[in-house]
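Notes to accompany the following structure.
Remember, it's a predicted structure, so these values are computed and weren't measured experimentally. Residue numbering restarts at 1 for every chain, and letters A, B, ... go by the order of the sequence lines.
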Number of protein chains: 2
Amino acid sequence: MNVKDEVTDKYSLRGRVYSKIREDILDGRYRNGDELREIAIGEELGVSRTPVREAFRQLELEGLIRIVPNKGAYVTGITAKDVKDIYMIRSMLEGLAAKWATENITDEQMNEMEENICLSEFHSSKGHAAQMSELDNRFHEILYEACGSKMLEHQLIEYHEYVLRVRRKTLSQNKRGSESTEEHKMIMEAIKQKDAKKAESAANRHIVNAYENMVRNGLKEAYPEN
Amino acid sequence: MNVKDEVTDKYSLRGRVYSKIREDILDGRYRNGDELREIAIGEELGVSRTPVREAFRQLELEGLIRIVPNKGAYVTGITAKDVKDIYMIRSMLEGLAAKWATENITDEQMNEMEENICLSEFHSSKGHAAQMSELDNRFHEILYEACGSKMLEHQLIEYHEYVLRVRRKTLSQNKRGSESTEEHKMIMEAIKQKDAKKAESAANRHIVNAYENMVRNGLKEAYPEN
DNA sequence: TACTGCATAATTGTATACAATTATACGATT
DNA sequence: AATCGTATAATTGTATACAATTATGCAGTA
């Protein structure tokens, strides 16, 4: 797949409609139990029902809405507990990815990981929040690619996307930045040493720490209790 | 939600068209790289392009096909390695579910689990393959419900569905039946004793054992190598 | 032969029309 | 007043029409 394809894909109507509704659910614009009407959403986005319906089917598969046949689509949303569960699940899977990466990472991926950490240390010291966020995302993407499993990569990307939205709700703060980079470094070094156990536990802890940081920054207040 | 809703739900939540195409991919009728044409599949199933397109969007989200805009839908399929990866991922998540179940299982769920194992022992001794299969599926469903996490349950059901298809490809054999029941019993007892660690490791091992049994029964021969 | 350019066909993307189902309003009946 | 039944409206499910894009075949040319 060349670059043009990727761009086309990303901005195609299909993707756009799906992404928009998904974002609105994860951002809390549509709330738990809200009924989504095909025509209303279509008009809002300037499209017909067809692309909206296709998006609905995807959202249902993802568990964000529930479609009752011949009745309608109802937002399932996510609660504070869901977010916690996702982080716990992700902690395990991220550990598995780190473990597998010790066997499967390529030299090129290893290099990009080291470069990523080097840059993170720089921008962290400067307090560049936007760059830090970008580098953090990229670190995890590299890890997912490096695990050598299409299935695990696919799964982790899905959870990571959840997290990107959730994080918007909590305050971004750069104190976590240096801690996070330090943890990335530990994961990277364990992978470099091919120490599977160490890589796994470091990745486990990293995600749990990220979650606990979010809780301290008002996650509970941003999501419904149940 | 009454019974009728559940039934309706079961057959349309993931529509008929989606299920059929998915099955055909997982059963190997469509092979890696095959191009799926909306009209052809629609005619085969006696529907128009609209439901087929909706199914395609879902299958793409699941990673079973890849849609290139304005070109077509191409089967991604699953390889022997994918199956292995899924089992390893599922092993971890099933362990997590068992761990969480020690805290969240209801008396009713515990009872059904015990009943399930009792029946499994009976049908195993009689060599009733169909009942064994049904009871095995149900055991895992109970475990997923009992973990008390919508997110984890959703995820495990998805993986479990994969497995249902995959298992068809390997010979079902009843020697595994008694072993499997024994393992279920260990998981159940650990949950009953609220021994989280024991429950987790027992569930981990159970899934790994199930995978190894599948390998012994010709999994590799049933799927493409890469 | 190999390659280019154009016309045609095939396929997907989107909008719309119609059918099936469900929700709602309102009058009749008790 | 409350309830039931029916007519109407609203909404979803599916099919089809048309537009946009891509694939294909073929004549012409070097």
All salt bridge (Lys or Arg N to Asp or Glu O under 4.0 Å) counterparts of B:Glu212, not counting sequence neighbours:
none

List for me each residue that meets salt bridge (Lys or Arg N to Asp or Glu O under 4.0 Å) alongside B:Asp34, sequence neighbours excluded, and say none if there are none.
none

Listed by chain and number, what are the side chain to side chain contact (heavy atoms under 4.5 Å, CB included) partners of A:Glu134, not counting sequence neighbours?
none

Residues B:Glu44 and B:Arg37 bridged, charged N to O under 4.0 Å:
no

Value in whole Å for how far the P atom of C:dT12 lies from CD of A:Glu54:
12 Å

Are any protein N/O atoms closer than 3.5 Å to N/O atoms in nucleotides 16-18 of chain C? If there are, list each pair with its distance.
{"from": "C:dT16", "atom 1": "O4", "to": "A:Thr50", "atom 2": "OG1", "distance (Å)": "3.4"}

Please determine whether a side-chain nitrogen of the Lys or Arg among B:Glu23 and B:Lys20 lies less than 4.0 Å from a carboxylate oxygen of the Asp or Glu.
no

Residue pair A:Asp82 / A:Ile78: nearest heavy atoms and the distance that separates them:
OD2-CA, 3.4 Å

Can you tell me the distance, in whole Å, between the CD1 atom of A:Ile67 and the P atom of D:dG13?
7 Å

A:Ala73 vs B:Val47, nearer the 5' end of DNA chain D by closest nucleotide
A:Ala73

Determine: side-chain N/O of A:Arg53 to OP1/OP2 of D:dA15, distance under 4.0 Å, yes or no.
no

For the pair B:Arg66 and B:Glu60, find out whether any cationic side-chain nitrogen is under 4.0 Å from an anionic carboxylate oxygen.
no

Applying ring pair (Phe, Tyr, Trp, His ring centres under 6.0 Å) as the test, list every pair that has at least one member in residues 67-95 of chain B; sequence neighbours left out.
B:Tyr87-B:Tyr211

Distance check needed: D:dT14 P versus B:Leu45 CG, whole Å only.
12 Å

Distances under 3.5 Å between nitrogen or oxygen atoms of protein and nucleotides 5-11 of chain D:
{"from": "D:dT11", "atom 1": "OP1", "to": "A:Arg37", "atom 2": "NE", "distance (Å)": "3.1"}

